[in-house]
Engineer: 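Before I ask anything, let me first share the structure, which is written out below as structure tokens.
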There are 2 protein chains.
Amino acid sequence: MATRQKTSRKAAGTAAAIRRPRARAANSRAQSAYAGDDIGLDALIGHAGYAVRRFQLWIFQDFVKTLATVDIRPTQYSVMTVIGANPGLSQMAVAKRLGIERARLVHLLDSLEERDFVSRIPSATDRRSHALHLTSRGKTALAQFKRLAAEHERHVAEKIGNENRERLLQILTCFT
Amino acid sequence: MATRQKTSRKAAGTAAAIRRPRARAANSRAQSAYAGDDIGLDALIGHAGYAVRRFQLWIFQDFVKTLATVDIRPTQYSVMTVIGANPGLSQMAVAKRLGIERARLVHLLDSLEERDFVSRIPSATDRRSHALHLTSRGKTALAQFKRLAAEHERHVAEKIGNENRERLLQILTCFT
DNA sequence: AAAAGATTGTTGTTGACGACAACAATTGAT
DNA sequence: ATCAATTGTTGTCGTCAACAACAATCTTTT
């Protein structure tokens, strides 16, 4: 299936011999102008979801880039932060608090445990659950992650302005 | 591999016979209270990315739910909206404008073309590219999608307040 | 105390999505 | 005529949300 076109290209191919060298100027100009930035978004302009999606994409990319040296992704950072602030939490509690599935948390903790940042200690009161703790290595690591995350947050402030950043945080407190 | 625990559970199993019926009250109460909502987020509170992630998740879920009857997802809606507002655009132009990869757009257009909402018309000026258009069925469908999307937007306004919603849109215009 | 129901961690699958890398066809520039 | 760039396409990889099932364990009911 290395063919490129389903329908039109083949048909066009047969007529290719007849093609004349058209008005290139109109093509290259109109095309690149259109590909530039005069394309209307219509109803998308009024949708918060679209703006938020683009923003979140930008934020995640900057976060990943800023913490690339320590190889920590946003979700991993959020898990370690919550465990650090609330030692002994169960996986269920962490998942609920962060709005991630407990199935997903399993793999996240697996990776964090492999790197010796987090340890699952069998709960003393419930043999089903684990008490989550940062290792000593995890604690010092998290301190560095927080410094880098603060740097990332400064990037956000530079991008949208710090007063807008704070306003945004305030608007969205009901989701955190 | 139906075993449940890697390490701790097995070891705990041997000592299971000795266990006493501990203070259940402390367990069930403390545990469910913790699982409730007194878990601190620590540094996460100050991170716009975390708030935005939670918000975006909420928005997407509401969008999908509100447009479930027509089976249209946010990305599909954005593609149809842009094509509807700018007929004849190439795939490259749409991808660039919406910040999605052209590789991804291929599948999106495949599904929209299968449902007869969009058609790829061979460009008259560039035999590599397609001119994207809404079909007549796609135009009437998009009109309905826009009504449903407006309803979704009202849900957002109810959730965070309309003045906050507009403030948010204004803050994030640089990303759209 | 035994049975029934709920919870916790785990495994697996599905699908949307972003990022990359290749590729053929075509275009544009040299 | 040749070579670099563009366009649509295919494929792979990894992240992520959503479900569904399951064993072990706890809780509640009887």
Side-chain angles (χ1 to χ4, degrees), chain A residues 1-10 12-13 16 19 21-22 24-25 27-29 31-32 35 53-54 56-58 60-61 64 73-76 89-96 98-111 120 122-123 125-132, chain B residues 1-10 12-13 16 19 21-22 24-25 27-29 31-32 35 53-54 56-58 60-61 64-65 73-76 78 89-96 98-111 120 122-123 125-132:
Chain A
M1 311 312 170
T3 68
R4 172 144 171 252
Q5 200 80 6
K6 296 178 187 173
T7 60
S8 52
R9 196 58 62 97
K10 291 302 172 194
R19 91 173 192 274
R22 293 180 194 85
R24 310 276 183 186
N27 180 16
S28 60
R29 278 311 111 219
Q31 198 76 355
S32 55
R53 170 183 161 265
R54 300 294 301 257
Q56 207 240 7
L57 208 51
W58 185 91
F60 262 56
Q61 285 169 346
V64 171
R73 297 183 51 84
T75 317
Q76 297 174 314
L89 241 46
S90 71
Q91 296 186 195
M92 193 59 202
V94 171
K96 229 183 243 170
L98 289 178
I100 61 188
E101 290 207 17
R102 58 192 207 283
R104 169 139 182 64
L105 192 56
V106 172
H107 301 295
L108 284 169
L109 289 175
D110 283 351
S111 75
R120 291 188 248 222
S123 164
T125 59
D126 187 337
R127 286 167 57 226
R128 290 170 305 180
S129 68
H130 297 151
L132 301 175
Chain B
M1 307 311 171
T3 67
R4 168 134 178 264
Q5 201 79 4
K6 296 179 185 172
T7 60
S8 51
R9 197 57 61 95
K10 291 302 171 193
R19 89 170 193 277
R22 295 179 192 85
R24 308 277 182 184
N27 181 14
S28 58
R29 279 310 111 220
Q31 197 77 353
S32 54
R53 171 182 161 266
R54 299 295 300 258
Q56 206 240 8
L57 208 51
W58 185 90
F60 262 56
Q61 285 169 347
V64 170
K65 198 186 306 172
R73 296 183 52 85
T75 318
Q76 297 175 314
S78 69
L89 241 47
S90 70
Q91 298 187 193
M92 194 58 203
V94 171
K96 228 185 246 170
L98 289 178
I100 60 189
E101 289 205 18
R102 57 192 209 280
R104 168 134 185 68
L105 192 56
V106 171
H107 302 294
L108 284 168
L109 289 175
D110 283 350
S111 74
R120 293 187 245 222
S123 165
T125 59
D126 188 337
R127 286 166 60 225
R128 290 171 304 179
S129 69
H130 297 151
L132 301 175

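It should be emphasised that the depicted structure is a prediction, and the values quoted were computed from it without experimental measurement.
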Engineer: Using atom CG of B/L132 as one end and atom P of D/dT7 as the other, report the distance to the nearest whole Å.
Structural biologist: 13 Å
Engineer: Rounded at 0.5 Å granularity, tell me how far OG in B/S90 sits from CG in B/D126.
Structural biologist: 8.5 Å
Engineer: Would you please name every residue forming a side chain to side chain donor-acceptor pair (under 3.5 Å) with B/R54, sequence neighbours left out?
Structural biologist: B/Y50
Engineer: From CG of A/L105 over to P of C/dT8, roughly how many Å is that when rounded to an integer?
Structural biologist: 13 Å
Engineer: Round to the nearest Å and state the distance from B/H130 atom NE2 to D/dT6 atom P.
Structural biologist: 19 Å
Engineer: If every non-hydrogen atom of B/L89 is compared with every non-hydrogen atom of B/A93, which pair is closest and at what distance?
Structural biologist: CG-CB, 3.9 Å
Engineer: Do any N or O atoms of the protein come closer than 3.5 Å to N or O atoms of nucleotides 17-19 of chain D, and which pairs are they?
Structural biologist:
residue : atom : partner : partner atom : Å
D/dA17  : OP1  : B/R53   : NH2          : 3.3
D/dA17  : OP2  : A/R104  : NE           : 3.2
D/dA18  : OP1  : B/Q61   : NE2          : 2.2
D/dA18  : N7   : A/E101  : OE1          : 3.4
D/dA18  : N7   : A/E101  : OE2          : 3.2
D/dC19  : N4   : A/E101  : OE1          : 3.4

Engineer: Is there a side-chain polar atom (N or O) of A/Q91 under 4.0 Å from OP1 or OP2 of C/dT10?
Structural biologist: yes
Engineer: With sequence neighbours excluded, what pairs up with B/Q61 under the side chain to side chain contact (heavy atoms under 4.5 Å, CB included) test?
Structural biologist: B/L57
Engineer: Considering non-hydrogen atoms only, spot the tightest contact between B/V64 and B/P74 and give its length.
Structural biologist: CG2-CD, 4.0 Å
Engineer: How would you list, by chain and number, every residue that makes a side chain to side chain donor-acceptor pair (under 3.5 Å) with A/Q91, sequence neighbours excluded?
Structural biologist: A/R120, A/H130
Engineer: Whole angstrom is fine here: how far is it from CE in B/M92 over to P in C/dT26?
Structural biologist: 19 Å
Engineer: Quick one: B/D126 CG to C/dG28 C1', roughly how many Å, whole number?
Structural biologist: 10 Å
Engineer: Could you state the atom-to-atom distance from NE2 of B/H107 to C1' of D/dG8 in whole Å?
Structural biologist: 11 Å
Engineer: Does A/R73 put a side-chain nitrogen or oxygen below 4.0 Å from OP1 or OP2 of D/dC16?
Structural biologist: yes
Engineer: Round to the nearest Å and state the distance from A/R127 atom CZ to D/dA23 atom C1'.
Structural biologist: 13 Å
Engineer: I'd like to check A/L109 versus A/V94 (side-chain heavy atoms, cut-off strictly below 4.5 Å). Are they in contact?
Structural biologist: no
Engineer: A/Q56 has an atom CD; how far is it from atom C1' of C/dC17, in whole Å?
Structural biologist: 11 Å
Engineer: Do A/L105 and A/L98 make a side-chain contact, defined as non-hydrogen atoms from C-beta onward lying under 4.5 Å apart?
Structural biologist: no
Engineer: Report the residue (A/V106 or B/L108) whose heavy-atom-nearest nucleotide on DNA chain C is the more 5′ of the two.
Structural biologist: A/V106
Engineer: Heavy atoms only: give me the nearest A/G99-B/R53 pair and the separation to one decimal.
Structural biologist: O-NH2, 4.0 Å
Engineer: Specify the residue among A/R102 and A/F60 whose closest nucleotide of DNA chain D lies further upstream toward the 5′ end.
Structural biologist: A/F60
Engineer: Report each atom pair, protein N/O against N/O of nucleotides 1-6 of chain C, whose distance is under 3.5 angstrom.
Structural biologist:
none

